[in-house]
Amino acid sequence: MEEKSNNLKSVSKPSNFIKEIIEEDLRTNKYNGRVHTRFPPEPNGYLHIGHAKSICLNFGLAEEYNGLCNIRFDDTNPTKEEAEYVDSIKEDIKWLGFDWGDREYYASDYFEELYEYAIKLIKKGKAYVDALSADETSKYRGTPTEPGKESPYRNRTTEENLDLFEKMRAGEYKDGELVLRAKIDMSSPNMNLRDPIMYRIRHESHHRTGNKWCIYPTYDWAHGQSDSIEGITHSICTLEFENHRPLYNWFIEELEIFHSQQIEFARFNLSYTVMSKRKLLELVEGKYVNGWDDPRMPTLSGMRRRGYTPKSIRNISEKKGVAKRDAVIDIASFEHIIREELNKSTKRVLVVLQPLKVIIDNYPDDKIDELDAINNPEDPSMGKRKLPFSKIIYIDKDDFREEPPKKFYRLAPGKEVRLRYAYIIKCEEVIKDPTTGEIIELHCSYDKNTKSGSGSSSKKVKGTIHWVSAQHSIDAEVRLYDRLFSVTNPAGDKENDFKDFINPNSLQVIHNCKLEPSLKELKTIDRFQFERLGYFCLDSVDSKPNKLVFNRIVSLRDSWAKIEKASKTH
RNA sequence: UGUCCCGUGGUGUAAUUGGCAACACGUCUGACUCUGGAUCAGAAGAGUCCAGGUUCGAACCCUGGCGGGACAACCA
């Protein structure tokens, strides 16, 4: 009994090492009971599913502990950042369902304050203006296993440093001529402590501060102080900043300002895709995909267009957990979560992807049956709809085999299947194109006693297939997506470029698909289950009222495909 | 020949902080079914990187190895 309740507890409230730290801080009243986090993107690209993890974590923690979460754009590098990215990032965060209230901040808001901090360090003899070139600086820095050596400019007087730094700001030097560095320890085993650069000269216009500044703080100099200024209690970031933490702490202690606590967690990898901004950019620029919002991309805009729900993404983030070890999430677990949600929420509909014409010879020419169809067997409150049935229908080519393999429960010459919500039909004749041999149409007979729900026949068949009445059908284009790459970790191969592993079948476009007539009144970007096929949604970009385009979000689990695959490999 | 971090079934997490490893995905059976969907029932699969040590008892503590990752942008 006790075990069970314990179990339930751990299921409903998963814990992780970050929560443990926060709860301990709450116990010891470290920050007067405050929990304040932030999501700090650089506005230099589109957000992807990895960022979603960080967003959910930061906002989720704030929510759970009655705290606050800021959004802060780390816009310290004007050469790479643009206002349009700011907008797309905000849109993505809102879409995920998070609200930062009026706490939308920018590192550039703190440029003046940061400048004052720098002067404070110079006055303490803890920062100096260096005139080494970038190349020289790099050489002087040493390597991870060899200590660096001190710059000849390292011991300027405070007055000299102050004067030079002021002139840097005033624009008296060219890009790269001077930098401001922290004076720490050129022989530190931690390379971040080897006199890191705090300011560099960039005569460049900034998306927010315009031409006000020509010196810009580096990330290392700006980030910790920005957190401190905002009163961030728990500054959560990814593992690669672990080695930077001693530096951030050094700055904060020298400056004697509020001490945020940095906690690092492992970033998340997804199987069968790539996640780095650089690689995603390469896919876009090389036209391997159709833009950042291509539904095959792991970007939030791509996944949104693909049809993923915000809830499913939040779910993934939560179920994945938080840890410090590198992880590769199996895309299958992703697919499971989206299916689970869509199965419950989505209206079922009959759609034929690859139409094969079927003529029911013994069905009256002009007769139209109005059949009852259930909108969602998982949720009766979603009601029913009428489905017209007539003499000429379409079925999917996949559902007919001239020579059916073992365990093929669908239609074949002389065999019977049930038409979903309609009758049992039997295939009487196969008509082929005399020249190509391609199957053009099927002639079938129907058993009128087998109408769905009539209970007037005890006839049983193994298979049920979907169909659409030809004269009532609506045409549409359907895009089937598969994994973008054909290997688990495309970026993990040292011999081959990741682009060599692109799955050539990641996108299959099918024209002239046939939809049931209820799909005529599409108002929103509703999602549907095309029965036996998968979950689909309208494409937000290309679909027009007179030219419908659907994206496949995810297929249904397909045990027949498994059987078929297994028999082929034998 | 440095510093820091990490190492639990195929994958991702958990183990009441020392009491002989749990959950989810995936895989495989079977039941049910007018979606080969969903659902239900069940199975296989790790002895916790290795070796010592402390202890009545270790995934958890200690020591030493091994393996993986991060760090040498005036990027973030």
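Letters A, B, ... mirror the listed sequences (proteins, then strands); counts begin at 1. Quantities reported herein were computed from a predicted structural model and do not represent experimental measurements.
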For A:Arg245 and A:Asn192, run side-chain hydrogen bond (donor to acceptor under 3.5 Å, both in side chains): C-alpha distance rounded to whole Å, both residues' side-chain angles, the deciding distance at 0.1 Å, then the answer. CA-CA 9 Å; A:Arg245 179 158 28 94; A:Asn192 296 117; over 6 Å; no
Given the rule in the side-chain hydrogen bond (donor to acceptor under 3.5 Å, both in side chains) test, do A:Ser345 and A:Arg527 qualify, once you have shown the distances and angles that lead to the verdict? CA-CA 9 Å; A:Ser345 63; A:Arg527 298 171 178 86; over 6 Å; no
Given side-chain hydrogen bond (donor to acceptor under 3.5 Å, both in side chains), test A:Asn44 with A:Lys277 step by step and report yes or no. CA-CA 9 Å; A:Asn44 72 338; A:Lys277 274 186 192 171; 2.6 Å; yes
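Using the Watson-Crick or G-U wobble rule with both distances under 3.5 Å, B:A31 pairs with B:U39. Nucleotide B:C25: paired with B:G10 (Watson-Crick or G-U wobble, both distances less than 3.5 Å). When both distances must be under 3.5 Å, the Watson-Crick or G-U wobble mate of B:C71 is B:G2.
Atom CZ of A:Arg418 is separated from atom P of B:G37 by 18 Å (rounded to the nearest Å). Counting to the nearest Å, the P atom of B:G2 and the CZ atom of A:Arg194 are 14 Å from each other. Between A:Ile316 atom CD1 and B:C25 atom C1' the separation is 10 Å, expressed in whole Å. Between A:Leu387 atom CG and B:U35 atom C1' there is a gap of 13 Å when expressed in whole angstrom units. Note: CD1 (A:Ile337) to C1' (B:G12) measures 10 Å, nearest angstrom. Atoms CG (A:Asn249) and P (B:U3) sit 20 Å apart, rounded to a whole Å. Here B:G7 presents its C1' atom at 15 Å from CZ of A:Phe17, a figure rounded to the nearest Å. Between the C1' atom of B:G37 and the CD1 atom of A:Ile338 lies a distance of 16 Å, rounded to the nearest Å.
B:A41 and B:A59 have their C1' atoms separated by 32 Å, given to the nearest Å. Across B:G68 and B:C56, the matching P atoms stand 38 Å from one another, rounded to whole Å. Only the P atoms considered, B:G9 is 22 Å distant from B:C5, to the nearest whole Å. For B:A43 and B:A22, the P atoms lie 13 Å apart once the distance is rounded to whole Å. Taking atom C1' on both B:G37 and B:A70, the two are 45 Å apart, rounded to the nearest angstrom. Remark: the separation of the P atoms in B:G12 and B:G53 is 32 Å, to the nearest Å. Taking the C1' atom of each, B:G47 and B:A14 are spaced 16 Å apart, rounded to whole Å. Separating the C1' atom of B:C66 from that of B:A73 is a span of 33 Å, rounded to the nearest Å.
Under a cut-off of 6.0 angstrom, the local environment of NZ in A:Lys415 is sparse, with at most 12 non-hydrogen atoms contributed by other residues, nucleotides or ligands. Atom CZ of A:Arg169 is surrounded by more than 12 heavy atoms from other residues, nucleotides or ligands within 6.0 Å.
Taking CG of A:Leu270 as the reference point, atom CD1 of A:Ile331 lies at 5.0 Å (rounded to 0.5 Å). Between the CD atom of A:Glu204 and the OH atom of A:Tyr216 there is a distance of 7.5 Å, given to the nearest 0.5 Å.
With its glycosidic angle within 90° of 0, B:A73 is assigned syn. Under the 90° criterion around 0 for the glycosidic angle, B:U54 counts as anti. The glycosidic torsion of B:G47 lies within 90° of 0, which places this base in the syn conformation.
A:Arg557 comes within 4.0 angstrom of the backbone, heavy atoms only, and of no base. Here A:Glu146 lies out of heavy-atom contact (under 4.0 Å) with every strand. Residue A:Gly463 is classed as having no contact, given no heavy-atom separation below 4.0 Å to the nucleic acid. As judged by a 4.0 angstrom heavy-atom cut-off over every strand, A:Glu136 is placed among residues making no nucleic acid contact. As judged by a 4.0 angstrom heavy-atom cut-off over every strand, A:Ser333 is placed among residues touching the sugar-phosphate backbone only. Using a 4.0 Å heavy-atom distance criterion, A:Ala323 is classed as a sugar-phosphate-only contact. Residue A:Lys451 is classed as a base contact, given a heavy-atom separation below 4.0 Å to a base. Residue contacts shown for A:Leu533 are absent, as no nucleic acid heavy atom lies under 4.0 Å away. A:Arg245 comes within 4.0 angstrom of no nucleic acid atom, judged by non-hydrogen atoms across all strands. Using a 4.0 Å heavy-atom criterion, one finds that A:Lys407 contacts the bases of the nucleic acid, with or without backbone contacts as well.
Nearest nucleotide to the A:Val328 side chain, out of B:G12, B:G69, B:G37: B:G12. Side-chain atoms of A:Lys324 lie closest to B:C5 of the nucleotides B:U35, B:G26, B:C5. Listed nucleotides B:G37, B:G36, B:G7 differ in distance to A:Arg325; the shortest reach to its side chain belongs to B:G7.
Applying the 3.5 Å distance criterion, the base of B:G69 shares no donor-acceptor pair with the side chain of A:Glu242. Residue-to-nucleotide contacts include no donor-acceptor pair under 3.5 Å from the side chain of A:Glu378 to the base of B:U39.
At distances below 3.5 Å, at least one donor-acceptor pair connects side-chain atoms of A:Asp109 with backbone N or O atoms of A:Tyr106. A:Thr309 places a side-chain N or O within 3.5 Å of a backbone atom of A:Ser312 that can act as its donor or acceptor partner. Remark: the backbone N or O of A:Arg194 is not paired with any side-chain donor or acceptor of A:Arg141 at under 3.5 angstrom.
Between A:His336 and B:C25, a side-chain N or O to OP1/OP2 separation shorter than 4.0 Å is present.
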Treat primed atoms plus P, OP1 and OP2 as sugar-phosphate and everything else as base, then score nucleotides 70-76 of chain B 5' to 3': B for base contact with protein heavy atoms under 4.0 Å, S for sugar-phosphate contact only, - for none. BBBSBBB
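Of the residues near RNA chain B, A:Lys320 and A:Phe408, the one whose nearest nucleotide (by heavy atom distance) lies more toward the 5' end is A:Lys320.
In plain terms, the two heavy atoms of A:Ser260 and A:Ile232 that are nearest each other are OG-O, 2.7 Å.
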